[in-house]
Protein chains: 2
Amino acid sequence: MNPEEIDTEWVERFPGLSRLEPATKKLLLQRSTVVSMPESTVIFGPGKSPENMLFLLSGTVRVQQVSETGHEIVLYRINAGESCVLTTACLLAYDDYSAEGIAESAVKAAAVPRQVFDDLVAQSPSFRNFVFAAFSKRITDLFLMIDEVAFQRMDVRLAHKLIELSKGGDQISTTHQKLSVELGTAREVISRQLQEFQRRAWVEQSRGTVRILDRAQLEKLAARD
Amino acid sequence: MNPEEIDTEWVERFPGLSRLEPATKKLLLQRSTVVSMPESTVIFGPGKSPENMLFLLSGTVRVQQVSETGHEIVLYRINAGESCVLTTACLLAYDDYSAEGIAESAVKAAAVPRQVFDDLVAQSPSFRNFVFAAFSKRITDLFLMIDEVAFQRMDVRLAHKLIELSKGGDQISTTHQKLSVELGTAREVISRQLQEFQRRAWVEQSRGTVRILDRAQLEKLAARD
DNA sequence: CGCGGCTATGTGACATTGTCACTGTTCGCA
DNA sequence: TGCGAACAGTGACAATGTCACATAGCCGCG
């Protein structure tokens with residue numbers, strides 16, 4: 001909790017919630033607290049179920065999975081304006097699973113107690129709509145991810161990920177190791193693919209960064225699906 | 001709808017619903033209709049959103065995905081006692097996606113109109129609980145599936161799938177092609193793996209069937225994760 | 001400055017899996 | 001009986017994963 005940054009109007013700036021009934025907004029604001037967490041905080045994980053539902057106001061949370069074999073893969077990210085509802089709900093129901101949520105940057109979020117969340121779902125049709133839409137989006141995204149992991153070529157997936165991580169810029173600060181976790185593959189595979197991209201003058205590498213030289217070509221490859 | 005098979009007590013036999021409040025049960029029974037569908041019915045799919053939520057009373061529904069490349073993979077099955085809530089909800093929210101649900105056997109289900117479903121969520125805490133538990137289970141299962149597809153060896157996955165499909169018996173009626181769709185791989189890969197299993201005398205093959213000879217060895221391999 | 005120690009990256013050999021283009025086999029049925 | 005469709009087998013090759021290393025850049029510290 002960060003007193004000087006309390007924002008009693010956060011609901012208005014939350015895309016999915018601004019159209020709620022006034023009474024619902026009031027309840028949300030009254031019964032929630034705004035919390036801040038530094039980068040790298042483990043927000044939830046094995047044996048660490050949160051007791052609150054979070055609504056992300058700023059920052060991003062990376063949700064990833066570590067399998068028994070030590071392999072890791074990034075499942076998805078929760079950005080400002082989205083909620084952890086589903087992941088939180090999952091943890092409440094099945095606390096023996098292996099995904100964890102990590103603050104990828106400093107994070108500010110509204111924490112809503114479980115009971116309040118339940119009341120909101122009961123009271124507000126538009127809040128129900130918001131929650132079910134979030135669940136639905138997540139499930140359909142997971143469907144697409146399964147399809148990609150199972151059937152997509154690595155070069156296409158890497159090109160796609162580079163475009164995504166560049167966020168419009170041309171410089172990406174990351175390592176081959178981190179990229180391999182993003183895609184659920186081995187570091188060596190990333191190294192080889194990046195070398196091939198470099199050979200084609202699509203990217204330029206230096207220790208810890210990848211610079212995009214020919215975005216158009218990368219996008220063309222990424223579109224192959 | 002199948003008049004002679006109407007079962008006004010189905011709610012009682014539904015594991016997740018039998019503990020609902022009496023008023024909720026009554027509402028469910030009054031406002032739903034029991035429908036029957038023959039095997040191979042496409043219950044939902046691209047461009048075919050159902051207007052009702054289904055609660056499966058008997059039979060199973062296979063949910064699979066067809067990607068643009070023509071590859072297929074089975075995502076999960078819905079068995080008697082479970083509901084299509086999530087998949088249906090997904091379709092309502094994002095009707096441009098590619099998963100489809102197919103009756104794997106003759107299916108009997110209770111159809112609940114969307115509006116009634118919404119009312120139930122609003123009214124009944126235990127129905128909410130049921131719905132969120134279903135969503136949560138599905139999402140955690142999808143997490144596990146992503147992990148398996150990304151990191152598990154094919155022989156382990158096939159052994160696992162054979163055990164699962166055998167349902168305790170030793171005879172499985174399926175083709176290499178169907179097994180490849182179950183695991184999201186190519187038919188040739190299944191053929192090779194089954195030949196290896198056969199060489200080790202773990203299974204016996206004939207056209208359209210696989211017979212398990214050494215379940216213990218298959219289970220031992222399947223446990224490798 | 002130079003020297004470890006750490007992290008990041010490169011490399012080659014090999015195993016596994018996916019793809020392609022076939023062939024052969026079995027089954028149902030006209 | 002012959003034909004077509006579905007099912008299964010095969011070999012060559014490409015793509016990806018695994019392993020055991022080697023090499024290179026970075027940083028703090030004496």
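So that the names make sense, note that chain A is the first sequence line, chain B the second, and so on, each numbered from 1.
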K.L.:
Among residues 145-157 of chain A, which ones have heavy-atom contacts with DNA chain D below 4.0 Å?
P.N.:
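Of all residues in residues 145-157 of chain A, the ones placing a heavy atom under 4.0 Å from DNA chain D are A/Arg153, A/Met154.
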K.L.:
Starting from the 5' end of DNA chain D, give me the residue, A/Arg207 or A/His71, whose nearest nucleotide shows up first.
P.N.:
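Between the two, 5'-proximity favours A/His71.
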K.L.:
Distance check needed: D/dG17 C1' versus A/His176 NE2, whole Å only.
P.N.:
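Interatomic distance, NE2 of A/His176 to C1' of D/dG17: 17 Å.
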K.L.:
With a 4.0 Å heavy-atom cut-off, tell me which residues in residues 179-198 of chain A come close to DNA chain C, sorted by residue number.
P.N.:
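The answer is A/Arg187, A/Glu188, A/Ser191, A/Arg192, A/Gln195.
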K.L.:
List for me each residue that meets side chain to side chain contact (heavy atoms under 4.5 Å, CB included) alongside B/Thr175, sequence neighbours excluded, and say none if there are none.
P.N.:
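Testing B/Thr175 for side chain to side chain contact (heavy atoms under 4.5 Å, CB included), a comparison that skips the adjacent residues, returns B/Gln177, B/Lys178.
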K.L.:
Going by the rule side chain to side chain contact (heavy atoms under 4.5 Å, CB included), which residues pair with B/Gln152 if we only count those two or more places apart in sequence or in a different chain?
P.N.:
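For B/Gln152 the side chain to side chain contact (heavy atoms under 4.5 Å, CB included) partners, ignoring immediate neighbours, are B/Glu148, B/Val156, B/Arg157, B/Asp225.
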K.L.:
With a 4.0 Å cut-off on N to O distance, would you call A/Glu196 and A/Arg200 a salt bridge?
P.N.:
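Looking at A/Glu196 and A/Arg200, the cut-off is met.
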K.L.:
For A/Thr209, give me all partners under side chain to side chain donor-acceptor pair (under 3.5 Å), at least two apart in sequence or on another chain.
P.N.:
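Partners of A/Thr209 under the side chain to side chain donor-acceptor pair (under 3.5 Å) test: A/Ser206.
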K.L.:
Check salt bridge (Lys or Arg N to Asp or Glu O under 4.0 Å) between A/Glu182 and all other residues, then give those that pass, not counting sequence neighbours.
P.N.:
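Checked A/Glu182 against salt bridge (Lys or Arg N to Asp or Glu O under 4.0 Å); matches are A/Arg77, A/Lys161.
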K.L.:
Going by side chain to side chain contact (heavy atoms under 4.5 Å, CB included), name the residues that satisfy it together with B/Ser105, two or more places apart in sequence or in a different chain.
P.N.:
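Side chain to side chain contact (heavy atoms under 4.5 Å, CB included) list for B/Ser105, sorted by chain: B/Thr60.
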K.L.:
First and last nucleotide of DNA chain C in contact with chain B, 5' to 3', at under 4.0 Å to a heavy atom: what are they?
P.N.:
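Span of nucleotides near chain B: C/dT16 to C/dC27.
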K.L.:
My understanding is that only residues two or more places apart in sequence, or in another chain, count here; which of them pass salt bridge (Lys or Arg N to Asp or Glu O under 4.0 Å) with B/Arg153?
P.N.:
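Partners of B/Arg153 by the salt bridge (Lys or Arg N to Asp or Glu O under 4.0 Å) criterion, ordered by chain and then number, come out as B/Asp155.
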K.L.:
Please list, chain by chain and in numerical order, all residues satisfying side chain to side chain donor-acceptor pair (under 3.5 Å) with B/Glu68, sequence neighbours excluded.
P.N.:
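With neighbours one apart ignored, the set is empty.
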K.L.:
Please name all residues satisfying side chain to side chain donor-acceptor pair (under 3.5 Å) with B/Ser180, sequence neighbours left out, ordered by chain then number.
P.N.:
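If we apply the side chain to side chain donor-acceptor pair (under 3.5 Å) test to B/Ser180, skipping adjacent residues, there are no hits.
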K.L.:
Return the value, rounded to whole Å, for the distance between atom NZ of B/Lys178 and atom C1' of D/dC7.
P.N.:
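Nearest whole value for this atom pair: 11 Å.
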K.L.:
List in chain and number order the residues that pass side chain to side chain contact (heavy atoms under 4.5 Å, CB included) with A/Ala223, two or more places apart in sequence or in another chain; answer none if no residue qualifies.
P.N.:
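With sequence neighbours excluded, A/Ala223 shows a side chain to side chain contact (heavy atoms under 4.5 Å, CB included) to no residue whatsoever.
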